[in-house]
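Data first, discussion second: the structure below is written as structure tokens.
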Amino acid sequence: MANSVILAQLKREQILELLKEGKRLDGRGFEDQRPLSIDVGVIPKANGSARVRLGDTEIVTGVKIQPDKPFPDLGDKGILICTAEILPLADPNTEPGPPSEEVIELARVVDRGIRETEMLDLHQLVLIENKSVIGIFIDSSITDANGNLFDACSYASVAALLSCTVPKYEIKDEAPVLVEGVTSKPPVKTIPVSITMARIGDHIIVDPSSYEEACMDARLTITTNTEGNICALQKGGIDGFTFEQVVRCSEIALSVGTKIRKQLEKLM
Amino acid sequence: MANSVILAQLKREQILELLKEGKRLDGRGFEDQRPLSIDVGVIPKANGSARVRLGDTEIVTGVKIQPDKPFPDLGDKGILICTAEILPLADPNTEPGPPSEEVIELARVVDRGIRETEMLDLHQLVLIENKSVIGIFIDSSITDANGNLFDACSYASVAALLSCTVPKYEIKDEAPVLVEGVTSKPPVKTIPVSITMARIGDHIIVDPSSYEEACMDARLTITTNTEGNICALQKGGIDGFTFEQVVRCSEIALSVGTKIRKQLEKLM
Amino acid sequence: MANSVILAQLKREQILELLKEGKRLDGRGFEDQRPLSIDVGVIPKANGSARVRLGDTEIVTGVKIQPDKPFPDLGDKGILICTAEILPLADPNTEPGPPSEEVIELARVVDRGIRETEMLDLHQLVLIENKSVIGIFIDSSITDANGNLFDACSYASVAALLSCTVPKYEIKDEAPVLVEGVTSKPPVKTIPVSITMARIGDHIIVDPSSYEEACMDARLTITTNTEGNICALQKGGIDGFTFEQVVRCSEIALSVGTKIRKQLEKLM
Amino acid sequence: MTQLMNENGIRCDGRRVDQLRNISIKVGVLKNADGSAYIEFGKNKILAGVFGPRDVHPKHMANQDSGILRCRYHMSPFSVTERKNPAPSRREIEISKVIKEALLPAVILKDFPRTVVDVFIEVLQADGGTRCAALDAASLALADAGIPMRDLVSACAAGKVADQIVLDINNEEDQEGQADMPIAYMPNLGKITLMQLDGILTPAEYQKCVQTGINGCKLVYEIQRKALMDKYFTNEAQ
Amino acid sequence: MTQLMNENGIRCDGRRVDQLRNISIKVGVLKNADGSAYIEFGKNKILAGVFGPRDVHPKHMANQDSGILRCRYHMSPFSVTERKNPAPSRREIEISKVIKEALLPAVILKDFPRTVVDVFIEVLQADGGTRCAALDAASLALADAGIPMRDLVSACAAGKVADQIVLDINNEEDQEGQADMPIAYMPNLGKITLMQLDGILTPAEYQKCVQTGINGCKLVYEIQRKALMDKYFTNEAQ
Amino acid sequence: MTQLMNENGIRCDGRRVDQLRNISIKVGVLKNADGSAYIEFGKNKILAGVFGPRDVHPKHMANQDSGILRCRYHMSPFSVTERKNPAPSRREIEISKVIKEALLPAVILKDFPRTVVDVFIEVLQADGGTRCAALDAASLALADAGIPMRDLVSACAAGKVADQIVLDINNEEDQEGQADMPIAYMPNLGKITLMQLDGILTPAEYQKCVQTGINGCKLVYEIQRKALMDKYFTNEAQ
């Protein structure tokens, strides 16, 4: 333990030294993301799926679509549920068991990114108001955890949704029945893009690696929509941001997000 | 650990010495309760609520009333459920997590005090026999735990019930629907009063403080009703009572309970 | 710990030495089971029950039969569920709590022995297709754990089933209602018999005691039906079997099983 | 609604008001447990097994100055009319606690610091009064395990049925009667170690009910003693 | 659908766009906790209690070089319109984490290696903006417990309602408004320590919203200071 | 009901009775794991990752005389037709155990006392025969992690479909066929390390089924060896 603390301290000093010279440990510019690859349809048994690699972070996300009961007081909307699991094979520090607070936060931030941008028109997913709706389950299995799970998980979830086919259900005897062979595109209204930034000292860097996360002061995840609005935020980390820094972060999120959105739009 | 055992031993000797002289650590007589204050309506969002302070013990209880399904084989009765949580801020020894056996016993003893005195006419809470009834949830959050949670929690639960307003539900299309703006008094038949006594040596004292609980030999909680009957009992602690002692305890419970009942009756 | 490892090692050497001479620690032949006694009807409140003693291993199994909803996609079959608990009084190494992987395996192997032999015609247990069926719960409480729980638990479950009486349910207003006083025999088609064998060195022995289990290399449980077929298998243990050994085990299971089946047939 | 008592004061199962159900107890019935007992008390069928004194896990629960007692009361899924979920209910957790506190006054654990004595109780069939019958078996299992004891603990319920105070409430009387008061008692020390009450009693009925329960405990005590002697005489005779 | 703002820019509860709800805070309200505070923030009623620095259990969570902070945000079952299940929801677990990370920049735990400071928050009644109100109380409870701090943490939400940026979103505005942005701020150090957003804002609205939230935090800070002084003046006067 | 075999003995997915589904394996696919492998076996898609030998937590599980092996078999929620609850089912717990006992005969852990080797298996898509495909990947992940092994473990199911003994049961054959017998085998040592059966076989069919399964395992072994060589040749070439 003591050793790893000293190592982390040394690593932080090294990273800070480089940042002062405008450099990052892996040679990226401050606003560069690691290489992003997105493969869709990797799980044919799911209604939609994607494998995302963001640097060495890798995630497989599957979308399952099936009839369900609506939430109380939300009988005019379909159901949308995001979950995530850091598989124990993805990270030597993860143990099997109930989700940690880190994983619960991750799944909820990804969920809000999709929900608050109003990416999907959930009103189109109602079969009988207050009784029967379509449920969309977006489950992410993190297979290699190497920094910035927020963005990787968001991209995988959005890509799996964009590429999914929605089965058709009809109501017979008050119960939903699958109509074989008929599917439609999901009711997508906008494309959310999550950009996570870390503050280390006075420097704001995009898409932190696991080394950078280990020594960052604070973290900010900003999700924007196609129209250039800011729709969801999550601050994390052991320190804070100034007003100027959070304004700067929003500008970075909008500019960097545009590139990612183009990559995602191709999947529609 | 060893130190605290020695301290507890010293405290027990001191308390016993005082009891022999007819005195208690905080100056009370053997059959004196600590000051009791009851404030009702403290949680306006609940259908009934009370904050009770009994000495330094403090509890907030809320009552929620909503339609529910009846228990199997009890289709002609409404539902009554009592829960309790010793909040971790109430006690340095309480950790967050599932309820301990102490808390489960507490909630069940409070529940039986209300149920076995037949305080509420549960038959009046049926909407459709065997299908739909009114459920009454009495949840107690213990905010400062300083001895005799049994009585404090019982008073808070009874006070919250006495002061609650029952919303009206009608059956439409076989489902219960709230009738806005119409409420009634709860169907109260009698007022249960719980009196907890501790035996230390040969002495029986009422309303033990946390110091007295830490060194008591045995505990007896007796709940009486308005008619002067004995309706619920719970013995606890590491030793027992003689026949004469349990008879004496029942007399104390009846006499001390009368005062408390007057305080509760004012809330109706 | 170190001591018990050395003891286990010594015990293994002693057992191996005896096996080379064709003997077992308790004097049995390699294909001899310990004495088996089966008492049925020991829990009159259950629909069927049995107490089985296999050597010093003892199990009480109860069968409860009650209406239930069918599993999705299995609407034309009744429900069959086997559970087991090694009671903490049965074994100094068992702690109260959720079932261990050993107990889950035990219950699932017993379940498959009954299910895969098609002992019961589950199609006869349907009240309304896809909506209401009869559920059969076979719960085993292990009261003394002294080796070969697989076979003891299987015999107790089969005996409890063979001796049970199935209550009659009729559908009224779409809900199942008990018809008092009318019962039938369970729809039994064949009698499964489980035989568990241990390999220690090159020796295959039937019905291992707890000493033999502690030092066995591998375990094989084979369930056969009345018609002389092999219907369920489960290999366990820290080592494997050769092809010749698993063939030999199947022959033993069939021959030894015949005796047990006669004992079980008397219960019908 | 069953008629719980006829005009001659005979109860629904044929007993008089002061009569126990049939009780049979066997001590030393389990091979692995350090001590054990099996009781049939009316239609109740209950096993108790004791392990210890033995090391405590997890260790932070241990007491440096004394042994501790733990107790688990559990019902098999098939023990009641409707199949019971095997996970422990809130009722089972509370009963485990009151049983532990009923046994604690009898056991002497001072000489076993840092150890635990575990009492495990399994209700195989339940028929009213399980906690008392369980205590009767547990007390004997402790004695069978050689745990030093100040006294046996004997338990029996009293109650009010058809306006009469009666001994040893059965299942129907528990469901439809007016009051149920389980009592555990150390007969030689004269101490009540468990007392609960569900139901409504006048002060006079309360006194009579406690006295009736104590009398029942004394009757149970004789049956417990005989069961213990049966085991140890038999052993000596071997 | 409620009308959230009238033609005069007055909100559904009568406030102006830049006006806080009524806030009252009392410091040192619990006897057992090392530090505590109770806040009423609009209709929110929230208790915060702090224990520590104290030993960490389980021990492997301890840090050799510093104290650690733990936080539990919990809602009483009666605190919301529909009775809430007492078990912690995923929402409560996430809020516990963001509150912890909003307090961490303020507390100085270097001098307490191998210990923990526990912050327990109980929402007795919820009315929109609970996490901010909880933070305001928790920050004072930490100060009351004597934990060394760089600054107080003050928290308040801003948001967008009826196309306007407004301060301190209430329950109706949260349900039916356009955006909700909770912010926590250290007023003397000028640092945002919690920031979240649900809703849609243009970049210009975003800047205005953050600024509005920060202004609200500064107003809250004055009320927090007063509450702290009230406690300690009173003590000195005794 | 699907027709599982046509008049020419060709199965519903076009295979002969003794033919494996397509298998592709890649070793060393994960960055963080000490060893890993990814297998596509028919439509099964499964990842295996290995960590260790490393310290055991909780410590009381450690063995003073040898390393221990732990195994977790888990299915992603999207891996099957109906979404699966992420919590481990009883089926997953049992399969974790039989996979562990199928790998134990192959690994040599004597030289790593007080440590654990953890094998984590994730089924990303399931299509019948997942436990065998999982074992094939896990065995390679152990080798990739440098754990000393006596032999590889190769696994494949045999079964009975349309009254014939066939190799490598697929999903439809598992659902509607007559018997499914998963087998794991150490090809060089000639030992069966996993064997289960669901279904009804005559003694003669049983022998043929075991033999068919073993033959399949030998075919799988060649594919495993090639995958291992592919990784290490590639590495050496770099």
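Each chain gets a letter, A, B and so on, in the order its sequence line appears, and its residues count up from 1.
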Taking NZ, NE, NH1 and NH2 as the nitrogens, is one of them in C:E95 or D:R70 under 4.0 Å from a carboxylate oxygen of the other?
no
Within a radius of less than 6.0 Å around NZ of C:K77, do more than 12 heavy atoms belonging to other residues, nucleotides or ligands occur?
no
Among the listed options D:P77, D:G49, D:A33, D:A48, the residue most often paired with chain C at heavy-atom distances under 4.5 Å:
D:P77
Determine yes or no for a side-chain-to-main-chain donor-acceptor pair under 3.5 angstrom, with C:K45 supplying the side chain and D:A126 the backbone.
yes
Give me the atom names and distance for the closest heavy-atom approach of C:N146 to D:N32.
OD1-OD1, 2.9 Å
Leading residue by heavy atom contact count with chain C [cutoff under 4.5 Å; candidates D:V29, D:D34, D:V80]
D:V80
Between CD1 of C:I142 and CD of D:E122, what distance do you get to the nearest 0.5 Å?
11.0 Å
Heavy-atom contacts under 4.5 Å, residues 127-157 of chain D to chain C
D:D127
When heavy-atom pairs shorter than 4.5 Å are enumerated against chain D, which of C:P44, C:A46, C:P92 gives the highest number?
C:P92
Salt bridge (Lys or Arg N to Asp or Glu O under 4.0 Å) assessment of D:K84 paired with C:E85
CA-CA 13 Å; D:K84 196 203 146 285; C:E85 181 177 2; over 6 Å; no
Any side chain to side chain donor-acceptor pair (under 3.5 Å) pairs touching residues 48-71 of chain C, not counting sequence neighbours?
C:R53-C:E58, C:E58-C:T143, C:T61-C:S140
Within the side chain of C:D144, is there an N or O that forms a donor-acceptor pair under 3.5 Å with the backbone of D:L30?
no
Walk me through whether D:F78 and C:V60 qualify under side chain to side chain contact (heavy atoms under 4.5 Å, CB included).
CA-CA 10 Å; D:F78 47 76; C:V60 178; 3.9 Å; yes
For C:P88 and D:F51, which heavy atoms make the closest approach, and how far apart are they?
O-CE1, 3.1 Å
Here the gap from D:I121 atom CD1 to C:L89 atom CG, rounded to the nearest 0.5 Å, amounts to 9.5 Å
State whether the number of non-hydrogen atoms from other residues, nucleotides or ligands found under 6.0 Å of C:K185 atom NZ is greater than 12.
yes
